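Notes follow once the structure below has been shown.
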Amino acid sequence: MIGRHRHLIGLEELDRGEILQVLQLATSMKEVLRRPLKKVPTLRGKAVVNLFFEASTRTRSSFETAAKILSADALNWTAAGSSVSKGETLVDTARNLEAMRPDVLVIRHAASGAPRLVAERVGCAVVNAGDGAHEHPSQGLLDAFTLAEHFTRAAGGPEAAPDFGLLAGKTVAIVGDVSHSRVARSALHCLPKLGAKVRVCGPPTMIPAGIERMGAEVHHALPEAVKGADAVMMLRIQHERIGDPLIPGTREYSKFWGLNARKAAEWLAPGACILHPGPINRGVELAPEVADGPRSVILDQVQNGVAVRMAILYLLAGGGEAHV
Ligand code: CP
């Protein structure tokens, strides 16, 4: 259980204490990742099924890696090559895989609400690995973990013990296609609960109406959005969720909302870090020299994704006593 919850569908329903429960356990899990022998028996005998109806590199492989480090068995199912092509429904697919007795189903689906629908119809725990433009809760948690790690490092604290209290009062600017971003939505449900302020910035057609009600400060000009921010999260344009074009073209987009080395040097605070959930469209929202530069914590996000997903699987698979 994560606090009161037997599933992880979104960060909207998690309170501050429940978010901290996962983040603090992820700190112990990250210590396992630093060991030469990255294997603990914590979830021996448990099984995790990754049910991915949409493409993924980071999320699917890190849930699989997390399960294996904890000694759980991991099965990777993808829609391509499955009986979905013969007309099998989401719920039938999930219930048939559940009949094989997994402890956790990790689901990614293009439809917002798909993981909740499955959670209402199966007996095992369900984790939302990204549903449409709704939420991507494990990404929201790994982003919070990465930010705390960065702020701890910047304050001269021990990297191995991120201080989540340091998120309080910090400003995070999220830039790009916020309308179609489940990553942005999960960040907006997570970071303010940890005391951080969130700004969103992008073309007016990519900022949802009423997002201020989620606590976001809205900007349309990049210089003012990133000015004084402690962290900047760049997002790609979610072409797969966009029907009619929302911008004149990627060149204009890059000019006004993309970040390159010159803009970063001129506009960002000296210690501000740069995040991106991936995949990056290099040269569009983020120039390669920034993605790979000293401010970037993008690969920290990927590594922390394993630790955070270990914590999520542990809590939802009922790992019992922590042998980490
Ligand atoms: N951040 C993220 O969800 O990446 P993938 O689509 O590769 O899983």
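Whatever order the structure lists ligands and atoms in, that order sets their numbers, starting from 1. Predicted, not measured: the structure shown is a model, and the values here were computed from it.
Heavy atoms of Gly130 come nearer than 4.0 angstrom to ligand 1 in no pair at all. Using 4.0 Å as the threshold, Gln301 has no heavy atom nearer than that to any atom of ligand 1.
Counted by atom type alone, Glu135 and Asn128 present zero donor-acceptor pairs between their side chains at under 3.5 Å. Side chain to side chain, Asp300 and Thr146 fail the donor-acceptor criterion of an N or O pair below 3.5 Å. For the 3.5 Å distance criterion, the side chains of His276 and Arg236 fail to qualify, holding no donor opposite an acceptor. Side chains of Glu13 and His5: no donor on one and acceptor on the other come within 3.5 Å.
Ligand 1 has an N or O atom lying under 3.5 Å from an N or O atom of Arg108, backbone or side chain. Looking at Pro277 next to ligand 1, an N or O pair under 3.5 Å apart turns up.
Each of the atoms 5 (P), 7 (O), 8 (O) of ligand 1 lies under 4.0 Å from some heavy atom of Thr57. Near Thr59, the atoms of ligand 1 lying under 4.0 angstrom from a non-hydrogen atom of the residue are 2 (C), 3 (O), 4 (O), 5 (P), 8 (O). Atoms of ligand 1 found under 4.0 Å from any heavy atom of Gly278, numbered from 1 in the order shown, are 1 (N), 2 (C), 4 (O).
Counting all heavy atoms, side chain and backbone alike, Val290 lies closest to Ala261 at CG2-N, 3.4 Å.
Heavy atoms of other residues, nucleotides or ligands lying less than 6.0 angstrom from CZ of Arg213 number 12 at most.
The shortest contact between atom 4 (O) of ligand 1 and any protein heavy atom is with Arg58 NE, 3.0 Å.
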